[in-house]
Amino acid sequence: MQGSGLGSSSKEVADACVAADEALAAVCDKHKLQKDFAIRDDLGGGNLLGR
């Protein structure tokens, strides 16, 4: 998405990813589970083939 300024859609997505990753980490900690991946914003383009 274009633009990453305050109030932009991409900023909202990035913030949601950070919040979700932190919430997942809290659940994993609570249940003594290892969190071996991160929830991150896909910074790539919209091409599903990765080209």
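Everything numeric in this text was worked out from a predicted model, so none of it was measured. All values below were derived from every heavy atom in this structure, side-chain atoms included, with hydrogens, water molecules and symmetry-related copies excluded. Along the sequence shown, residues are numbered consecutively beginning with 1.
Here salt bridge (charged side-chain N to carboxylate O under 4.0 Å, His left out) pairs that include residues 21-39, with residues two or more places apart or in two chains, are Asp21-Lys35.
In this structure Ala14 satisfies the side-chain contact (heavy atoms from CB on, under 4.5 Å) test together with Asp41, sequence neighbours excluded.
Alongside Leu24, the hydrophobic cluster contains Phe37, Ile39 (criterion: ILVMFWY side chains under 4.5 Å).
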